2 protein chains.
Amino acid sequence: MNKRQQTRKDNQQRILQAAEEEFGLHGFKGTTIQNVADRAGLPKANVVYYFSNKVNLYTAVLGRITRSWNDVFNRATAEDDPAEVLDHFIRAKIEQSVLNPRASRIFAMEIIQGAPHHKDYLRQYLRNWVRDRATVIEQWIAEGRMHPVDPVQLIFMIWATTQHYADFETQVLTVMNRGEYEAQDIDHIGDCVSTIILRGCGLEPPARSGQADQAPARP
Amino acid sequence: MNKRQQTRKDNQQRILQAAEEEFGLHGFKGTTIQNVADRAGLPKANVVYYFSNKVNLYTAVLGRITRSWNDVFNRATAEDDPAEVLDHFIRAKIEQSVLNPRASRIFAMEIIQGAPHHKDYLRQYLRNWVRDRATVIEQWIAEGRMHPVDPVQLIFMIWATTQHYADFETQVLTVMNRGEYEAQDIDHIGDCVSTIILRGCGLEPPARSGQADQAPARP
DNA sequence: GGCCAATATAACCGCATGGTCAGACTTTGC
DNA sequence: GCAAAGTCTGACCATGCGGTTATATTGGCC
């Protein structure tokens, strides 16, 4: 590869990374190009050189985030076992939330504000994604493999509960009087959420190594 | 009452109302004192006269919001029926979310940012509230009236799912291809969420007038 | 009525911000 | 080697912001 193309790619990547951190920390309005530039170790004008303006940089960050989501549930078909699929989906999303809450928070702030820069994603991509996934769930229900529930609300519920641990991290940790999440938390939270939702859908939670229905994780 | 005291109270109230709307629309950083003043129909300097500065105004709004929350679950004791209590709590929160999403959104943005202006509320009030409510749930479990679940995570789950309809209103409506919530949505969503969570806790949902397990609300 | 405190508001200030620009420097293709 | 294209950056600008101040107006109270 060209040296030009190389540094171009490198710098853009560094800027995007820095921007994601800043936007995640301070939101769109609260983030300044200068902050991003400082974090990326570049002069401000250079950031503008690559991304023209703030909105453009922001939408680039937003796009990078949403492009890599919901993968887990994507491959599931009506032939798969609903309990397995949902359990796996829930746990994957919780792991994402705990390990990289920043991405979830940026997205959350965008939606709370009314998705001023990302409406197309909702209208075009996400709506169809939900409908598509809903048909799979409907098939499971039609075959009597799970209780009848509104599939769309079920998806909302899974999103809400799992992303809560990222978006409301401060509240969760403060209420639990913890400094930060630990590895075991991923399992414990996954157990709790998965158990309730699956049971709520009339599904038996798949067998797991440790059982953790009741005990809250206390280090 | 004094005419002075009266106008004072009136103006403060008008400013708070306007501020809540602006903060709900644009967040803390995105809201300007000028916007608030315009919406309240007062000159900017007058807003500053009453609230000294922007942070002060913001925390006043925040305080007004949180002070009026979680009432429903407050009065429940271990003697009550868990299914009734949880069902009622879930439905009340969903109704709040649908009817006044703004308050929820302001609070959500504050927490997502790490609660920079409202940490005390989390540490002092909310943590104890959760612990207190958790003991009630634990008693229900000890008496075998519901499945063993981590009470704290259950509370998080109820918060997350119910507030989702306020905070992510845009996403929910867009995915469902609706313009705005309608009265019947409150019931339908309430049915779905309550059913799954209660069943997930091993509880039988209390009898309701209409049954709406499956059918998605389509106008 | 007359004095004082409370209320109201226009004009102003300093500062940070998004974005521009001219020009220096570097790489590429020939 | 050299010109063209691409990259980099300090200096600059206009704007909008939070907050102050000086001054005018109003209402309470004797």
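Side-chain atoms are counted along with the backbone in the values below, which use heavy atoms only and exclude waters and symmetry mates. Residue numbering restarts at 1 for every chain, and letters A, B, ... go by the order of the sequence lines. Here the structure is a predicted model, which means the values were calculated and not measured.
What separates NZ of A/K54 from C1' of C/dA16 is a distance of 12 Å, to the nearest Å. Computed from coordinates, the B/R4 CZ to C/dA8 C1' distance equals 11 Å when rounded to whole Å. As a whole-Å value, the separation of A/D38 CG from C/dA16 C1' is 13 Å. One interatomic measurement links the two molecules: OH of B/Y58 to P of D/dG18, which rounds to 14 Å at whole-angstrom precision. Whole-Å rounding puts the A/E22 CD to C/dT17 C1' distance at 14 Å. Protein atom CD of A/Q34 is 13 Å distant from nucleotide atom P of D/dT9, rounded to whole Å. Spacing between atom NZ of B/K9 and atom C1' of C/dT7 amounts to 17 Å, rounded to whole angstrom units. When rounded to the nearest whole Å, the span between CG of B/N46 and P of C/dT7 equals 10 Å.
Between B/I33 and A/L42, the one whose closest nucleotide on DNA chain D sits nearer the 5' end is A/L42. Residue A/N11 is the one, among A/N11 and B/T32, whose nearest nucleotide of DNA chain D lies closer to the 5' end (criterion: closest heavy atom).
For the pair A/Y50 and D/dT7, the criterion of a side-chain N or O lying under 4.0 Å from OP1 or OP2 is not met. Side-chain nitrogen and oxygen atoms of A/R8 include none within less than 4.0 Å of the OP1 or OP2 phosphate oxygen of D/dG6. Considering only side-chain N and O atoms, A/N2 lies under 4.0 angstrom from the phosphate OP1 or OP2 of C/dT28. Applying the 4.0 Å criterion to OP1 and OP2 of C/dT7, one finds that B/Y49 has a side-chain N or O inside that range.
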Derivation of the salt bridge (charged side-chain N to carboxylate O under 4.0 Å, His left out) call for A/R91 and A/D87: CA-CA 6 Å; A/R91 285 168 190 279; A/D87 179 74; 2.9 Å; yes
Derivation and outcome, salt bridge (charged side-chain N to carboxylate O under 4.0 Å, His left out), residues B/R178 and B/D185: CA-CA 11 Å; B/R178 298 283 224 85; B/D185 294 329; 2.9 Å; yes
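In this structure, a donor-acceptor pair under 3.5 Å is absent between the side chains of A/W140 and A/D80.
Ring centers of A/H117 and A/F28: under 6.0 Å apart, within the cut-off.
Of the listed nucleotides (D/dT9, D/dT20, C/dA8), D/dT20 has the atom at the smallest distance from the side chain of B/V48. Of all nucleotides listed (D/dT20, D/dT9, D/dG18), D/dT9 comes nearest to the side chain of A/A45.
Not a single donor-acceptor pair under 3.5 Å links the side chain of B/S194 to the backbone N or O of B/D191.
Between the side chain of B/K44 and the base of D/dG19 there is at least one donor-acceptor pair of N/O atoms closer than 3.5 Å.
When heavy atoms are screened at a 4.0 angstrom cut-off, B/N53 is found touching the sugar-phosphate backbone but no base atom.
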